[in-house]
Amino acid sequence: MIKVAVMRDGQVVAKAAGEAGCIGREENINKLYKEALDAAGLQESEIEKVAATGIGKFSVKFAADYITDAIAEAKAARFFFQGATDVVDIGADKTHVVSLDGDKIKETVLNQKCMAGLGLALDVISHRLGYTLDEISQFKADAAQGTIVNDGCPVFAELDSFEELNQGTPKEQVMGAVIQSVVVRLNSILREKEMPAKDTTVLLGGVSRNKAVVEGLKARSGLNFLIPEDAVYGGAIGCALAAAG
Amino acid sequence: MSTNQLWETKPLEIWDRAKALRAYWQQSIDDSAADTKLLLAHGNTGDVSWRDYFSNLNIIEDNPVGAMMASTSDEFSRKSRLASEVRGWGREICGYVQNCWGAQFLGYQQDGSVFPYRDLSVPFTDPCDQHTKRGQQCMDLSPIPRWGGDWPIYLGEDDPARDKELIETRVWCTLKIIADIERIFDTEFDDASFINDIKTERERSDHGIRIMNLMTKTPSPLSQKDLYSFYTLGGLTRLPPEILGDFWQALIDEIQWRADHQIAAVGNERYRYMEAHPSPWHFLKYMRYLEHYGAVCIGSQYSQMMAGSVSWNKETKEFERRVIRKPEKDVENVKTREDAVRYVLTEARGHRFKDDEYFRKNEITDFAEGFGVQGAILALWRGGVGCTLTRKEQGLRLSKMGVRVLHYEGSQPGDRTDLDEKRFLDQIDEWMECQGLQKIS
Amino acid sequence: MNKFSSIFENRHDYARDWKKRSGGKVLGYYCTYFPEEVAYAAGILPVRILAKHFPDDTTDRLMYGNCYVTRDMFNQFNLGHYDYIDGLVCLESCQWWYNAFDVTMQVFPNLWSHYLFTPDYPDGNRSKDVLRSELSVIQKKFEEWTGKTVTDAELDNAIEIYNTNRRLLRRLYELRRFNNPVILGSEAMEIMLANQVMDKAEANKMLEELIPELEDRAPGEDRVRFILIGSETYDAELEKLIEGVGGNVVIDDLDNGSGYVWNEVVPLKDRLMAIGLRYLGKPHSALKDNVWRRRPEQIFRLSEDFQVDAAIIAKQIYCHPHGTDMYAVWKLLQERKIPYHTFERDTTLPYEETRLGVEALIHVAKQGMTRANGWS
């Protein structure tokens with residue numbers, strides 16, 4: 001997903017989000033950029049600076065600056081909650097934990113080079129099982145009812161899901177098990193170095209919108225995530241703040 | 001000097017000699033298929049240099065061959081690994097071995113020349129399971145003799161009585177290998193040279209300690225990237241002593257001069273980092289990339305392995321040789337083959353760079369303290385065992401002492417398949433910028 | 001049979017109950033090269049740490065690259081499943097086991113622990129001497145731990161109980177030689193696994209009751225006969241899957257299977273030497289098959305003796321002992337024209353994928369390539 005945030009005087013004036021796409025990525029970037037400008041009522045010439053962050057940042061050819069993800073996330077966390085000490089950004093293709101020490105970044109943890117625990121894993125498997133992301137967001141904590149699928153590898157998780165379905169396990173339970181497996185993997189990432197602080201950890205990223213995952217992760221980790229309304233745009237907002245200096 | 005440059009730099013003068021030695025080693029491999037010498041498959045250096053003392057033996061080690069293949073031809077390496085994989089070798093296991101023995105299955109080397117099939121195999125039974133199994137593919141292809149020597153370890157306090165039995169086993173294994181090679185291949189081990197060279201071996205590791213200590217200086221006169229080239233010469237590749245000759249002395253002299261005159265390996269050195277165990281040989285340019293941030297890699301327990309087992313003296317602020325037990329006889333009194341084997345095998349344990357994985361948890365933190373590092377890059381190699389064992393724990397220990405740790409993942413140093421170079425460089429950028437560093441060149 | 005299954009399923013309860021009854025200590029071990037007799041003689045119950053799939057968010061912090069088995073072993077300690085374990089012993093064996101042992105000790109430093117060197121070159125002339133020395137060391141350590149001396153009589157008793165156990169379990173294997181075996185591979189494996197977590201004296205009593213019952217059972221169905229080769233196992237799910245599609249594992253080349261029982265301790269005056277010789281002389285594991293190989297011939301001999309139609313090779317992902325030994329195994333099976341299927345497994349058995357592979361292999365085995373049809 002591409003997210004665009006337009007900011008003026010430290011405030012968000014417009015946002016836009018859309019699919020990055022495997023082909024036509026630059027066109028999608030340009031399209032969303034224009035959409036955000038239109039929403040802000042601005043012309044391109046009025047923009048002081050464009051900066052990009054995230055995995056696909058270098059696809060934004062017209063960016064004047066490229067901001068490291070951790071810095072953008074840290075900026076966003078403090079923007080949303082001044083007292084934030086940690087930020088967790090869970091997206092389609094990345095889970096990132098950033099710990100702050102005052103204004104400095106103390107430590108970062110990135111997901112292993114694997115889809116396990118990422119939004120992409122949820123997206124792919126839910127799609128295969130015939131659910132939308134909005135639908136699975138409504139799943140309750142006990143949806144799995146004891147069904148377990150592999151939490152180390154989404155490929156194996158998918159195979160396990162098929163096996164469960166073949167053996168007559170209700171689809172909802174299987175999906176519940178997949179959500180659980182994602183939660184387990186996310187918790188593993190959180191615990192990798194120093195567990196984020198219980199009450200001052202900000203949650204950003206697209207997966208923050210998935211209630212089932214968020215509630216599951218809160219229960220498993222014991223963290224009371226601070227989730228801003230614009231959590232999905234956290235990276236973009238933080239990037240703009242960093243670019244503004 | 002540019003305004004970003006903090007220290008004077010100068011290319012190493014010894015490069016030409018090093019390159020000549022490297023070429024000599026490569027030629028010996030290229031010639032080995034054609035010459036009449038027996039070919040020994042050898043994982044790493046052990047306690048005895050087989051080629052030096054069996055005149056009809058040449059050695060080709062799979063580690064450097066595998067690493068070289070990875071760094072020079074991605075296409076051939078992949079082809080070799082596939083050849084290995086389709087014959088059953090675990091696809092996630094050790095890229096070095098897959099590269100080297102995959103070429104065996106293909107029957108030819110990267111340049112099209114005939115693969116130098118081995119005649120015997122003496123792997124180094126390091127505490128890495130893949131070393132224990134090393135050199136079996138040549139034995140399994142068509143039966144050749146293969147030996148294994150145990151490398152016993154134990155945990156806890158030093159126990160001389162326990163050591164005695166364990167050393168006996170190692171001595172016996174080594175003597176058996178020598179006697180068997182003599183018997184099976186109707187050859188003779190050059191005991192006189194072996195006994196004579198024990199002193200040289202100690203000098204070489206003394207040089208290694210001197211280099212280690214010189215590299216603790218700021219600026220570092222040598223970087224790990226340079227050091228790797230020297231570390232393989234005479235270490236992994238086991239060039240004959242008469243070829244190495246005074247190479248090491250010349251290297252020491254030059255590094256000493258550089259240290260005395262504050263000649264830096266990296267002219268804008270302002271950040272020092274260490275590593276652990278092998279780097280991705282096909283992508284060592286990441287070290288050059290880090291130099292844009294003024295970051296210099298001063299080495300790892302792996303690259304500094306040429307120094308042997310060392311410990312950090314917090315008082316003298318120097319690395320010094322670590323000796324738990326002295327040999328039973330002084331080197332002057334080593335007269336027989338068995339004396340010599342016992343002399344080199346004085347300790348039942350002490351894996352040098354692997355000590356911290358087993359019984360010296362402080363080893364890596366001492367290393368960090370000694371070199372004054374601010375950061376550490378600890379690779380996580382999925383396909384490596386010894387490469388990866390305890391890396392996470394070491395990261396936590398280093399973090400606790402205030403060293404910023406970067407973990408990145410790949411398959412194994414000899415296999416570039418899973419190393420996402422772009423992701424790695426992105427991680428490097430983030431690691432540097434999160435510490436307040438920007439590129440300065 | 002059900003009793004063994006129940007003990008296997010409820011192994012933690014069994015061990016806790018044993019502790020209450022006996023007042024003894026429970027020692028966890030990873031590798032079947034561990035000479036259990038010495039621990040048993042010291043009044044300690046050796047139990048093999050068994051992996052099982054539990055959601056894992058505890059191990060990434062300290063582990064990387066490990067096979068799932070060793071991750072799960074550590075995870076189970078973190079989850080408290082092994083809270084009754086008093087000590088752990090690790091051998092010179094698989095390094096991932098070493099890693100599981102090491103990180104467990106870091107997190108649970110109050111556990112008693114010991115590292116026992118077992119030669120990677122078991123057939124070497126001095127291997128028996130060094131192992132004997134190591135056994136002498138661990139015996140003293142056990143004596144310090146338990147506060148009582150281990151006598152020769154106790155060693156003799158342990159040797160006899162363990163030899164009896166091996167003989168009884170070997171009888172289960174022998175029953176599977178026949179056409180239409182009276183015991184399925186999954187049943188046999190669950191019994192083996194239960195035995196690896198039980199007091200052998202108790203297990204022997206149960207086996208002595210069970211074996212005559214089995215011998216009186218009606219012959220089983222006609223099934224394609226398999227040998228199971230590969231990484232150690234911790235459940236019988238694979239065997240059950242194979243049975244579900246018309247096959248039967250009649251023999252295995254597993255360290256926790258045939259390797260566990262194939263040879264006995266030959267009593268000697270030097271008890272520790274006798275015990276050491278037994279462990280050095282057992283069928284080579286993949287990791288210990290290093291100098292002149294024995295493992296391929298062992299696999300072939302078992303295949304012949306048990307009249308297998310095909311081989312299933314199940315390897316854990318990141319299992320380097322079996323990943324590095326696979327070439328020799330495939331070479332043997334290809335040379336001797338034994339059809340085989342290799343697959344990898346992770347925390348969970350990839351059921352559908354495995355089932356497809358086994359079905360295909362059964363089809364191949366039945367297509368005129370079986371021993372019954374005169375395959376040469």
Side-chain angles (χ1 to χ4, degrees), chain B residues 84 87-94 97 101 123 125 127-130 132-134 136-137 139-141 143 145-156 159 161-162 164-166 168-169 171-173 176 348 357-358 380-393 396 407 409, chain C residues 59-66 90 92-96 98-99 102-103 105-106 113-121 124-127 129-134 136-137 141 286-293 296 313 315 317-331 342 344:
Chain B
S84 201
R87 285 166 179 80
W89 186 270
R91 62 200 167 109
E92 78 281 26
I93 314 283
C94 195
V97 179
W101 301 120
T125 322
C128 161
D129 290 348
Q130 296 180 40
T132 305
K133 303 298 289 177
R134 194 175 284 275
Q136 259 195 319
Q137 285 192 321
M139 180 188 118
D140 289 335
L141 179 71
R146 180 177 181 272
W147 290 267
D150 273 307
W151 195 284
I153 69 163
Y154 60 91
L155 305 180
D159 181 342
R162 195 172 179 186
K164 192 165 178 308
E165 279 299 329
L166 300 176
E168 281 307 309
T169 283
V171 168
W172 181 85
C173 285
K176 175 176 165 55
E357 292 166 17
Y358 292 91
L380 300 175
W381 297 119
R382 272 195 289 281
V385 179
C387 298
T388 299
L389 196 66
T390 76
R391 212 58 72 228
K392 282 290 191 76
E393 300 160 64
L396 291 174
H407 287 301
E409 295 165 82
Chain C
T59 66
D60 262 349
R61 191 175 152 76
L62 287 171
M63 286 178 154
Y64 184 87
N66 297 55
C90 189
E92 172 70 27
S93 180
C94 170
Q95 273 185 300
W96 289 141
Y98 167 74
N99 187 230
D102 185 50
V103 297
M105 293 311 304
Q106 283 183 45
S113 68
H114 187 77
Y115 190 101
L116 178 80
F117 173 71
T118 43
D120 278 334
Y121 179 21
N125 181 285
R126 275 220 102 248
S127 299
D129 303 299
V130 73
L131 184 56
R132 197 233 176 268
S133 162
E134 287 291 290
S136 169
V137 170
K141 297 282 185 190
L287 200 61
K288 308 275 188 195
D289 198 35
N290 287 321
V291 185
W292 291 111
R293 278 195 177 280
I313 307 173
K315 177 190 153 300
I317 292 178
Y318 301 125
C319 174
H320 42 271
H322 288 275
T324 52
D325 233 33
M326 197 67 73
Y327 170 56
V329 174
W330 280 20
K331 192 159 178 274
T342 304
E344 293 176 320

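Chain identifiers are assigned alphabetically (A, B, ...) following the order of the sequence lines, protein sequences preceding nucleic acid strands; residue numbering begins at 1 within each chain.
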| Rounded distance (nearest 0.5 Å) linking atom CD of C/Q95 with atom CG of B/L389 |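 Interatomic distance, C/Q95 CD to B/L389 CG, rounded to 0.5 Å: 5.5 Å.
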Compare all side-chain heavy atoms of [X] with those of [Y] and state whether any distance is below 4.5 angstrom.
{"X": "C/W292", "Y": "B/P145", "value": "yes"}
{"X": "B/W89", "Y": "C/M326", "value": "no"}
{"X": "C/E134", "Y": "B/E165", "value": "no"}
{"X": "C/V130", "Y": "B/L166", "value": "yes"}
{"X": "B/M139", "Y": "C/R293", "value": "yes"}

Is it the backbone or the side chain of [X] that comes under 4.5 Å from a heavy atom of chain C, or both, or neither?
{"X": "B/Q136", "answer": "side chain"}
{"X": "B/W101", "answer": "neither"}
{"X": "B/C173", "answer": "side chain"}
{"X": "B/I93", "answer": "side chain"}

| query | Distance-only, no hydrogens or angles: does the B/K133 side chain make a donor-acceptor pair with backbone N or O of C/N290 under 3.5 Å? | reply |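 Answer holds: no.
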| Judged by modelled atom types alone, do C/Y64 and B/E409 share a side-chain donor-acceptor pair under 3.5 Å? | yes
| Worked check of side chain to side chain contact (heavy atoms under 4.5 Å, CB included) between C/R61 and B/E393 | CA-CA 8 Å; C/R61 191 175 152 76; B/E393 300 160 64; over 6 Å; no
| Passes side chain to side chain contact (heavy atoms under 4.5 Å, CB included), B/W172 versus C/Y121? Steps please. | CA-CA 12 Å; B/W172 181 85; C/Y121 179 21; 3.9 Å; yes
| said: Using the rule given for side chain to side chain contact (heavy atoms under 4.5 Å, CB included), can you reason through C/M105 versus B/L155, listing the C-alpha separation, both sets of side-chain angles and the distance that settles it, and then say yes or no? | reply: CA-CA 12 Å; C/M105 293 311 304; B/L155 305 180; over 6 Å; no
| message | Between C/L62 and B/L396, is the side chain to side chain contact (heavy atoms under 4.5 Å, CB included) condition met? List the steps. | response | CA-CA 8 Å; C/L62 287 171; B/L396 291 174; 3.7 Å; yes
